[in-house]
J.: 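So that we are looking at the same thing, I have put the structure below in C-alpha cells.
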Amino acid sequence: MSTITLSALNIEKEKNEILHSISLEFPEGKIIGLLGPSGSGKTTILRSIVGLQRITSGSISVLNQPAGSKALRSQIAYSTQSASVYGDLTCTENIRFFASLFKENELSVTEILELVQLTKNRKQLAQTLSGGERSRLALATALVGNPKIIILDEPTVGLDPVLREELWGLFRRLCEKGKTLVVSSHVMEEAENCDHLILLRDGKILAEGTVSELKKITGKSDMDSVFITLVRGK
C-alpha cells in the first residue's frame with residue numbers, strides 16, 4: 001500500500017525546470033530514502049509532498065488526499081534542513097510549545113526528550129546547544145502530535161558518525177511503530193539504512209528499489225559505485 005503518490009510531477013522555478021515528470025509511489029510503514037547530490041530535487045519533492053511547493057503540472061496524493069489539504073496537517077511531520085526551533089526557549093519549552101498545537105500527542109514531552117537523547121539538556125536554551133543537539137531538538141519538534149508520515153530533509157548532515165548511527169536507530173524504531181519515514185540525504189552510504197531507495201539526479205529519477213536490487217542491477221557492492229554506474233549508464 002502506498003501512502004504518497006506522485007504522478008507526472010513537473011516543477012519550474014523562474015522558467016527553469018527543477019523536476020522532470022516525476023512519478024513515484026512511497027510504500028507504507030517503511031523508511032524511504034531520497035538520495036542524490038545537492039540540486040537534484042530532493043528538497044523540492046519533500047516540500048511538494050508537504051504542500052509548500054507550487055506545482056507546475058502533475059499531482060500528489062498523500063493518504064488519499066491532495067497534498068497540502070487541511071486534513072493532512074496533523075498527519076504529516078516535517079523537519080527542514082535548518083533547525084526550526086526557538087533559541088530563547090529550553091528544549092522542554094520548545095517541544096511543549098509545538099505539542100500545544102495539536103489536540104492530542106502520542107508521546108509525552110519526557111518520552112520525546114528520551115527518544116532524541118536530550119533528557120540531560122531539557123532545561124538548556126536551544127541557542128546554547130551544539131549543532132548536533134539542535135538537529136535532534138528539531139527532530140523532536142517533528143515527533144509531537146501523532147503523525148503517520150515523518151518527512152526529514154537531510155537530518156544527519158554535519159553530524160558525527162556515532163550520532164548519525166544513533167539517529168538512524170531512532171528512525172528505525174519509529175518505523176517499527178508504524179510510521180512512514182521519508183528521509184533525504186546526499187550521503188550514499190546512508191542508503192543502507194533504508195527499506196526503499198529513490199536515487200535522483202538533475203531533477204530526474206535515476207533509479208529506485210531496495211539496496212540489494214540496485215546492487216544486483218549494477219553489479220556493485222557499495223552505493224557510491226552503484227550511483228556512479230547508474231549515472232554513466234554502464
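FYI, the numbering just counts along the sequence from 1. Any value given below was found using the heavy atoms of this structure, including those in side chains, with hydrogens, waters and symmetry copies removed. Predicted model, so just to flag it, every value in this text is computed and none were measured.
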J.: Output the distance between atom CD (Glu154) and atom OG (Ser38), rounded to the nearest 0.5 Å.
T.: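 So the CD of Glu154 and the OG of Ser38 are separated by 6.5 Å.
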
J.: Distance check, rounded to the nearest 0.5 Å: Lys204 atom NZ versus Leu19 atom CG?
T.: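 Output value for this atom pair is 11.5 Å.
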
J.: Do Leu200 and Leu34 have side-chain heavy atoms sitting under 4.5 Å apart?
T.: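 A side-chain contact under 4.5 Å exists here.
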
J.: Could you tell me whether the side chain of Ser185 and the main chain of Val187 form a donor-acceptor pair under 3.5 Å?
T.: yes

J.: So for atom CD, which belongs to Glu165, do other residues, nucleotides or ligands contribute more than 12 heavy atoms lying within a distance under 6.0 Å?
T.: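 Incorrect, the count does not exceed 12.
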
J.: Between Leu72 and Ala67, what is the shortest heavy-atom contact and its length?
T.: CD1-CA, 4.2 Å

J.: Taking Ile217 as the starting point, is it possible to reach Leu35 by hopping between hydrophobic residues whose side chains are less than 4.5 Å apart?
T.: yes

J.: What's the verdict on side chain to side chain contact (heavy atoms under 4.5 Å, CB included) for Ile149 and Gln75, showing C-alpha distance, side-chain angles and the deciding distance?
T.: CA-CA 6 Å; Ile149 299 172; Gln75 304 296 310; over 6 Å; no

J.: Rounded to the nearest 0.5 Å, what separates atom CD1 in Ile31 from atom CD in Glu176?
T.: 8.5 Å

J.: Verify side chain to side chain contact (heavy atoms under 4.5 Å, CB included) between Val182 and Ile45, making sure each step is shown before the conclusion.
T.: CA-CA 10 Å; Val182 183; Ile45 288 179; over 6 Å; no

J.: Could you tell me whether the side chain of Asp195 reaches within less than 4.5 Å of the side chain of Arg172, counting heavy atoms only?
T.: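 In short, these two side chains touch, coming nearer than 4.5 Å.
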
J.: Please answer whether the main-chain N or O of Val162 pairs with a side-chain N or O of Asp160 as donor and acceptor at a distance below 3.5 Å.
T.: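 Here the side-chain-to-backbone pair exists.
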
J.: For Thr3 versus Pro27, what's the shortest heavy-atom pair and its separation?
T.: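 Between these two residues, the closest heavy atoms are OG1-O, 4.1 Å.
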
J.: Check for a donor-acceptor pair, side chain of Lys215 on one end and backbone N or O of Val226 on the other, with a separation under 3.5 Å.
T.: no

J.: Please report the closest heavy-atom contact between Leu115 and Arg173, naming both atoms and the distance.
T.: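 Leu115 and Arg173 have their closest heavy atoms at O-NH2, 4.0 Å.
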
J.: The test is side chain to side chain contact (heavy atoms under 4.5 Å, CB included); show your working for Lys13 and Gln53 and say whether it passes.
T.: CA-CA 10 Å; Lys13 295 180 182 178; Gln53 178 67 55; 3.6 Å; yes

J.: Does the Ser7 side chain pair with the main chain of Gly58, one donor and one acceptor, at a distance under 3.5 Å?
T.: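 Side chain of Ser7 to backbone of Gly58, a donor-acceptor pair under 3.5 Å: no, none is there.
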
J.: When rounded to the nearest 0.5 angstrom, what is the spacing between CG in Leu167 and CZ in Arg136?
T.: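 Going from the CG atom of Leu167 to the CZ atom of Arg136 covers 7.0 Å.
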
J.: Do Lys177 and Glu106 have side chains that approach each other closer than 4.5 Å (heavy atoms only, starting at C-beta)?
T.: yes

J.: Check whether His186 reaches the backbone of Ser40 with its side chain - one donor and one acceptor, N or O, closer than 3.5 Å.
T.: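 A pair under 3.5 Å: no.
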
J.: I'd like to know if the side chain of Arg134 reaches the main chain of Gly87, judged simply by a donor and an acceptor atom lying under 3.5 Å from each other, with no hydrogens or angles considered.
T.: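 A pair under 3.5 Å: no.
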
J.: Heavy atoms, side chains only, cut-off 4.5 Å: are Leu46 and Ser184 in contact?
T.: yes

J.: What's the shortest heavy-atom distance between Ala142 and Ala77, and which atoms?
T.: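 The answer is O-CB, 2.9 Å.
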
J.: Look only at the side chain of Lys42 and the backbone of Pro37, and say whether a donor-acceptor pair between them is shorter than 3.5 Å.
T.: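 Yes: the side chain of Lys42 pairs with the backbone of Pro37.
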
J.: Using the rule that two of Ile, Leu, Val, Met, Phe, Trp, Tyr join whenever any of their side-chain heavy atoms come within less than 4.5 Å, decide whether Leu125 and Tyr86 are in one cluster.
T.: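 No; Tyr86 is not reachable from Leu125 via cluster members.
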
J.: How close do Leu118 and Cys91 get, heavy atom to heavy atom, and via which atoms?
T.: CD1-SG, 4.4 Å

J.: Hey, does the side chain of Ser130 reach the backbone of Glu133 with a donor-acceptor pair shorter than 3.5 angstrom?
T.: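 Here the side-chain-to-backbone pair exists.
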
J.: Distance from Glu12 atom CD to Ile55 atom CD1, nearest 0.5 Å?
T.: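 So the gap between those two atoms works out to 13.0 Å.
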
J.: Can you check whether Asn105 reaches Leu143 side chain to side chain, under 4.5 Å on heavy atoms?
T.: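 The answer is no; the side chains never approach within 4.5 Å.
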
J.: Indicate whether the side chain of Asn10 and that of Ser57 have a donor and an acceptor atom separated by less than 3.5 Å.
T.: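 Result is yes, a qualifying pair exists.
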
J.: Does a side-chain heavy-atom distance below 4.5 Å link Thr218 with Phe227?
T.: no

J.: Quick one: does Ile198's side chain get under 4.5 Å of Phe26's, heavy atoms only?
T.: yes

J.: Looking only at side chains, do Ser212 and Thr210 share a donor and an acceptor under 3.5 Å apart?
T.: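 Checked: Ser212/Thr210 side chains pair up, N/O donor to acceptor below 3.5 Å.
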
J.: Would Leu101 end up clustered with Ile95 when hydrophobic side chains under 4.5 Å apart are linked, directly or stepwise?
T.: yes

J.: Within this structure, what is the CG-CG distance for the pair Leu206 and Leu197, rounded to the nearest 0.5 Å?
T.: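 Answer for the CG-CG pair, Leu206 versus Leu197, is 11.5 Å.
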
J.: Give the cluster check for Met223 versus Val231: same hydrophobic cluster or not, with ILVMFWY residues linked at side-chain heavy-atom distances below 4.5 Å.
T.: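 Cluster IDs for Met223 and Val231 match.
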
J.: May I have the step-by-step check of side chain to side chain contact (heavy atoms under 4.5 Å, CB included) for Ile150 and Val183, ending in yes or no?
T.: CA-CA 8 Å; Ile150 301 174; Val183 184; over 6 Å; no

J.: Should Thr141 and Ser84 count as side-chain neighbours, where that means a heavy-atom distance under 4.5 Å?
T.: no

J.: Of Thr80, Ile32, Ile76, which is the lone residue that meets side-chain contact (heavy atoms from CB on, under 4.5 Å) with Ile151?
T.: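 One option only clears the test, and that one is Ile76.
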
J.: When you measure from the side chain of Arg47 to the backbone of Leu52, do you find a donor-acceptor pair of N or O atoms at a distance under 3.5 Å?
T.: yes

J.: Same cluster for Phe97 and Val109 if Ile/Leu/Val/Met/Phe/Trp/Tyr side chains link at under 4.5 Å?
T.: yes

J.: Looking only at atom types and distance, does a side-chain atom of Thr92 sit under 3.5 Å from a main-chain N or O of Lys123, one as donor and one as acceptor?
T.: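 Absent.
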
J.: How close do Ser74 and Phe102 get, heavy atom to heavy atom, and via which atoms?
T.: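 Residues Ser74 and Phe102, closest heavy atoms: CA-CE2, 4.0 Å.
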
